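The structure appears below as structure tokens.
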Amino acid sequence: MKNSVPTATFIRYDRGNLEDQTLIDLYKKMLKPRMIEEKMLILLRQGKISKWFSGIGQEAISVGVTASLLKEEYILPMHRNLGVFTGRDIPLYRLFSQWQGKESGFTKGRDRSFHFGTQEFNIVGMISHLGPQLGVADGIALAHKLRNEQNVCAVFTGEGATSEGDFHEALNVASVWELPVIFCVENNGYGLSTPTSEQFRCENIADKGIGYGMESHIIDGNNILEVYTKVSELAEDIRNNPRPVLLEFKTFRMRGHEEASGTKYVPQELMDTWALKDPLSNYRNFLKNEGLLSEEEDDKLKLLIKAEIESHLQKAFAEEPVEADESRELDDVYQSFKDEVVEAGSEKENIRLIDAISQGLKQSMERYDNLVIMGQDVAEYGGVFKITEGFVEAFGRERVRNTPICESAIVSASMGLSINKCKAVMEMQFADFVSSGFNPIVNYLAKVHYRWDENADVVIRMPCGAGVQAGPFHSQTNEAWFTKTPGLKVVYPAFPADAKGLLISAINDPNPVLFFEHKALYRSVYGDVPTNYYTLPIGKASLLREGNDITIISYGAGVHWALETLDNNPDINADLIDLRSLQPLDTEAIYRSVRKTGKAIILQEDTMFGGIASDISALIMENCFEHLDAAVKRVASMDTPVPFSKALEDQFLPKGRFEKELKDLLEY
Ligand SMILES: Cc1ncc(C[n+]2csc(CCOP(=O)(O)OP(=O)(O)O)c2C)c(N)n1
């Protein structure tokens with residue numbers, strides 16, 4: 001051995017019972033991401049890659065955690081966890097292509113850096129918003145637990161993101177549901193420029209475990225043997241005794257938040273102290289002192305890794321940039337899906353909208369044993385509208401789950417269930433509360449298929465609407481928040497038979513569906529509903545009345561207001577279109593009718609500005625202009641919050657204005 005002089009180590013290593021080969025392997029696993037990063041820093045300076053979040057100095061955590069888990073167990077890394085990706089042996093050219101936005105990456109050039117997942121390697125990457133990742137881990141772990149699989153799931157976060165509500169929500173849910181999740185917090189001292197003292201006031205993040213009733217540990221994140229030994233032991237234990245564990249890895253961020261932002265705000269003493277504790281050089285010295293690694297062997301390893309990096313880089317560089325193809329982009333927003341058509345049977349019963357929804361849900365639960373319902377008070381209590389009454393008796397508490405009050409974590413957990421081969425229906429207690437789960441819906445569920453081809457097989461049920469004197473926070477119809485977000489489907493039935501068939505189809509559909517159910521219609525609207533399990537196509541409107549003079553377009557409660565108006569005015573000859581789905585929108589049904597009648601009026605319960613009526617109006621102008629005899633008319637609620645008192649609410653809603661607007665347009 002060239003170097004027989006003991007070399008200083010500033011970390012105390014305890015190899016316990018670990019075999020020599022394991023010790024060497026852990027070194028190789030840390031060396032590789034370090035060398036890749038060093039190369040990336042050069043490429044960054046040469047302008048060959050766009051942005052880099054360095055994990056230099058934190059490798060022991062990614063590497064140690066990944067080495068402790070089974071290949072089939074999911075890991076959810078963040079932006080400094082290159083060691084997770086290399087630890088799962090992803091061919092390097094695929095990572096390089098990903099970072100260059102090329103086809104052999106994981107997102108067809110659509111998302112950058114570590115923002116991707118891959119089922120092939122059981123890795124679920126982050127979205128920029130950091131926190132939702134934690135709730136997704138809950139869902140993945142829940143799926144394992146429901147199938148009685150002895151698997152854990154590990155999820156990473158920085159200490160900065162522990163200030164997000166998502167952290168609290170996800171840990172709380174995991175604890176209440178005893179989910180096998182290892183929450184790995186990398187406390188590296190800074191979140192961008194913000195030191196921990198400005199992020200939280202407890203001494204250790206691990207102390208927060210007490211508040212969640214959760215076991216927690218502090219681990220030296222720079223000591224690969226401590227990380228590996230501790231996490232391996234815990235993972236094995238959790239597989240047999242499912243529960244969440246919070247781990248705080250103490251470490252330090254040795255470079256800027258990302259390369260361009262520098263480290264000026266970090267005191268030099270801190271940098272110097274932590275530089276001495278570098279996880280790689282200390283471990284190398286330890287191995288050398290133990291006689292397990294010679295200088296020659298080390299050099300050889302480095303040469304091998306260097307050659308691997310270079311050859312894979314050549315391959316990635318040689319790859320052509322992705323070509324822009326409009327139809328491919330549009331096609332990938334949704335998972336293409338042809339619903340199996342199940343015809344409605346002839347046996348029918350006259351039931352309320354609410355009963356029809358309950359039936360559709362129940363028959364779907366019978367059909368899919370991997371379907372899970374989650375929501376506040378949905379179990380024994382049956383939900384505030386009693387739609388899931390009796391479900392616990394029929395399907396058990398595992399599949400009909402009461403949730404804590406944490407919409408964001410439950411939306412994220414729904415996403416995790418979908419990633420791990422389940423289907424999820426989440427009940428928002430009131431559609432208004434979706435704002436507390438907005439982020440994962442519009443940023444995770446909506447974008448996941450486009451980004452990395454993953455399904456979000458999730459239906460979110462949205463009891464919505466006014467006319468019930470429930471004030472600003474229990475009356476909104478907020479479909480427009482979602483119709484403008486590519487990747488979501490939005491369904492809004494007005495009749496019991498439509499609601500049942502469409503809900504069944506929404507559950508069949510692997511894409512995320514927001515399913516709006518008008519509260520005022522729940523118990524007031526009856527209809528003949530086929531008793532069997534049947535589907536109805538999402539994206540198809542229904543023509544309720546036919547006439548040649550004008551086209552009325554509406555959905556939800558508006559359909560019933562329009563029907564009432566037509567019943568009161570039998571001389572009006574109108575096509576009445578019930579859209580039923582808002583996204584996708586049945587534009588053909590609209591154009592066909594407007595080209596026939598030459599006049600169109602759109603009635604929506606939503607407030608006027610920015611509602612879907614505006615888009616429908618624009619579409620008609622653009623596609624039917626030459627057939628129009630008058631400007632398209634929108635009739636909508638006032639642009640105010642929804643008021644409580646009856647007189648105010650009546651004034652707010654468009655119902656009272658519709659008849660006059662309709663007649664004015666007819667007379668134009
Ligand atoms: C919701 C949200 N707010 C702010 C940001 C901007 N941002 C990205 S990373 C980051 C710091 C994260 O710090 P920490 O969680 O400690 O992880 P670290 O970068 O230190 O590894 C910030 C503020 C973001 N991506 N998402």
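Atoms within a ligand are numbered from 1 in the order they appear, just like the ligands themselves. If you're wondering where the values come from, they're calculated on a predicted model, not measured in any experiment.
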Could you tell me whether the side chains of E407 and Q376 share a donor-acceptor contact shorter than 3.5 Å?
-> yes
Under the side chain to side chain donor-acceptor pair (under 3.5 Å) rule, what do E37 and S54 come out as? Steps first, then yes or no, please.
-> CA-CA 7 Å; E37 279 219 41; S54 174; 2.9 Å; yes
Proximity of F433 and F430 rings by center, below 6.0 Å | yes
With heavy atoms of G191 as the reference, note each atom of ligand 1 found under 4.0 Å away.
-> 11 (C), 13 (O), 16 (O)
Measure centre to centre between the rings of Y74 and F121, then say whether the value is under 6.0 Å.
-> no
Classify the angle between the aromatic ring planes of F53 and H257 as parallel (below 30°), tilted (30 to 60°) or perpendicular (above 60°).
-> perpendicular
Which one of S193, G160, S163 has a non-hydrogen atom at the shortest distance from atom 16 (O) of ligand 1?
-> G160
Using a strict cut-off of 4.0 Å, indicate which atoms of ligand 1 neighbour a heavy atom of S128.
-> 24 (C), 25 (N), 26 (N)
Does ligand 1 have a heavy atom under 4.0 Å from the side chain of Y190, from its backbone, from both, or from neither?
-> backbone
With heavy atoms only and a cut-off of under 4.0 Å, state how Q199 meets ligand 1: side chain, backbone, both or neither.
-> neither
So is there a nitrogen or oxygen of R80 less than 3.5 Å from a nitrogen or oxygen in ligand 1?
-> yes
Quick one: sort the F482 and F516 rings into parallel, tilted or perpendicular, breaks at 30° and 60°.
-> tilted
Using distance alone, determine whether E164 and ligand 1 share an N or O pair under 3.5 Å.
-> no
Would you please determine whether Q58 falls within less than 4.0 Å of ligand 1 on a heavy-atom basis?
-> no
Can you list the atoms of ligand 1 that are under 4.0 Å from a heavy atom of G158?
-> 14 (P), 15 (O), 16 (O), 17 (O)
P77 and side-chain contact (heavy atoms from CB on, under 4.5 Å): which partner among I123, V124, V155?
-> I123
Can you check whether A161 has an N/O within less than 3.5 Å of an N/O in ligand 1?
-> yes
Atoms in ligand 1 with a heavy atom of N188 nearer than 4.0 Å = 18 (P), 20 (O), 21 (O)
Can you check whether a protein heavy atom sits less than 4.0 angstrom from atom 18 (P) of ligand 1?
-> yes
Please say whether L130 places an N or O atom under 3.5 Å from an N or O atom belonging to ligand 1.
-> no
Would atom 11 (C) of ligand 1 count as contacted, meaning some protein heavy atom under 4.0 Å?
-> yes
Taking the six-membered ring for Trp, are Y190 and F252 parallel (under 30°), tilted (30 to 60°) or perpendicular (over 60°)?
-> perpendicular
Could you walk me through whether D432 and H474 pass the side chain to side chain donor-acceptor pair (under 3.5 Å) check?
-> CA-CA 6 Å; D432 309 71; H474 288 78; 5.9 Å; no
Any sub-3.5 Å donor-acceptor pair from N81's side-chain atoms to V84's backbone N or O?
-> no
For L192, counting its heavy atoms only, list the atoms of ligand 1 lying under 4.0 Å from any of them.
-> 11 (C)
Give a yes-or-no answer on whether the side chains of Y450 and E329 include a donor-acceptor pair shorter than 3.5 Å.
-> yes
Considering only non-hydrogen protein atoms, determine which one is nearest to atom 1 (C) of ligand 1 and report residue, atom name and distance to 0.1 Å.
-> H129 O, 3.8 Å
Could you tell me whether atom 4 (C) of ligand 1 has at least one protein heavy atom nearer than 4.0 Å?
-> no
Would one find an N or O of R253, backbone or side chain, under 3.5 Å from an N or O of ligand 1?
-> no
Which bit of H257 is near ligand 1, meaning a heavy atom under 4.0 Å away: side chain, backbone, both or neither?
-> side chain
Strictly by modelled atom types, are D457 and N455 linked by a side-chain donor-acceptor pair under 3.5 Å?
-> no
